[in-house]
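Numbers here are sequence positions counted from 1.
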Amino acid sequence: MNRDWESVFTTWSQGPSKTEQERAENAERQIRQAIHDSEKLRNRNIKVFTQGSYRNRVNVRKDSDVDIGVVCFDTFFPVYPDDNVKAELNKSFSDGVYTYVLFKNELEEALVSRFGREAVSRGSKSFDIKENTYRVESDVAAFFEHRRYTSVTHYLSGVEMIPDDYTPPRVRNWPEQHYQNGVAKNDATSRRYKRVVRILKTLCNEMASKKIKSAEDTPSFLVECLVFNASNECFGYQSFKPMVRAVLAELFNNTMNDQKCSEWGEVSELKYLFRSSQPWTRQGAHQFISDAWDYVGYE
């Protein structure tokens with residue numbers, strides 16, 4: 001393909017425009033107002049936060065909606081390292097009376113009251129809020145706090161949901177750790193990491209539009225995590241074409257078998273990237289990387 005890939009990559013590397021960011025912030029503000037207006041929710045310990053590609057500043061043109069999390073800290077879902085820690089902590093804890101199902105139902109009431117029934121659709125994992133000229137389309141997910149205890153006195157704080165169809169039974173995420181690690185990686189690579197993420201996400205979208213199956217099967221979150229696992233040395237070039245080449249080459253070599261990438265994690269570094277519970281495989285990621293290399297025409 002005879003294209004000026006350096007110019008293409010430079011364009012694709014750019015972050016969201018000021019208007020895009022403002023519309024995302026307006027959506028978050030509106031969700032927060034919906035909770036404030038709810039008599040059932042306004043006095044609960046709730047945090048509203050932007051998550052996903054908008055929060056992490058790796059959104060590209062196809063990322064038309066913004067992911068917003070609404071986490072309630074009044075009840076939490078715990079995981080214990082062993083039975084001794086569980087027994088000790090259970091002396092202080094009691095079963096919560098405010099259930100996740102009730103919280104999600106009350107959040108739906110608040111969203112419908114704010115935006116109208118026609119603008120709010122309930123899915124198994126999140127609510128879809130239709131866009132308008134003031135805000136982008138939003139996916140709003142309800143969470144309780146997830147606590148991964150490492151001892152009686154320490155735990156890692158994440159978020160957890162129960163999908164309506166229980167598929168999967170539970171979803172656990174680590175948005176704060178993901179955000180912090182992404183910022184650290186970006187700083188360590190002279191702010192090139194997130195630019196390369198945007199480039200490869202846009203490349204994946206273009207390949208998918210050409211019906212390249214490996215790209216169709218590769219979610220943008222996986223692209224972000226793969227680039228995170230590239231060594232910082234790959235980002236040392238002054239132009240994007242050799243930089244992307246170095247990232248793809250290293251990822252290709254390290255995903256040829258399970259041995260070199262078995263310890264890779266998501267950006268949060270609290271979930272393994274390649275495990276049977278993930279909706280993707282190491283083989284699928286390797287095929288996408290190979291196809292991306294060929295699509296650009298690297299030698």
- Could you label the plane-to-plane angle of the Y100 and F144 rings as parallel, tilted or perpendicular, counting under 30° as parallel and over 60° as perpendicular? perpendicular
- Message: Using salt bridge (charged side-chain N to carboxylate O under 4.0 Å, His left out), reason through E6 and K241 one step at a time and then give a plain yes or no.
- Response: CA-CA 5 Å; E6 185 61 35; K241 189 176 179 182; over 6 Å; no
- Message: How about CG on N45, more than 12 heavy atoms from neighbouring residues, nucleotides or ligands closer than 6.0 Å, or not?
- Response: yes
- Determine, using ring centers only, whether F76 and F93 are less than 6.0 Å apart. yes
- Message: Students often mix this up, so state it plainly: with edges at 30° and 60°, are the rings of F235 and Y193 parallel, tilted or perpendicular?
- Response: perpendicular
- Would you check if there is a donor-acceptor pair between the side chains of N232 and K185 at a distance under 3.5 Å? yes
- Please check if the distance between the ring centroids of H286 and F274 is under 6.0 Å. no
- Message: Determine whether L251 and W293 satisfy the following criterion, side chain to side chain contact (heavy atoms under 4.5 Å, CB included), listing intermediate values before the conclusion.
- Response: CA-CA 11 Å; L251 293 177; W293 178 279; over 6 Å; no
- Note on the structure: Rounding to 0.5 Å, atoms CD (Q30) and CG (D37) come to a distance of 9.5 Å
- R55 NZ/CZ over Y179 ring centroid, <6.0 Å and within 45° of normal: yes
- Verify the ring-centre separation between F240 and F9: is it less than 6.0 angstrom? no
- Note on the structure: Smallest heavy-atom separation, C72 atom then Y98 atom, equals SG-CE2, 4.0 Å
- Item | For T202, all residues meeting side-chain contact (heavy atoms from CB on, under 4.5 Å), sequence neighbours excluded | W12, V60
- Which value, rounded to the nearest 0.5 Å, describes the distance between W5 atom CH2 and R245 atom CZ? 15.0 Å
- CG-CD distance between N205 and E216, expressed to the nearest 0.5 angstrom: 11.5 Å
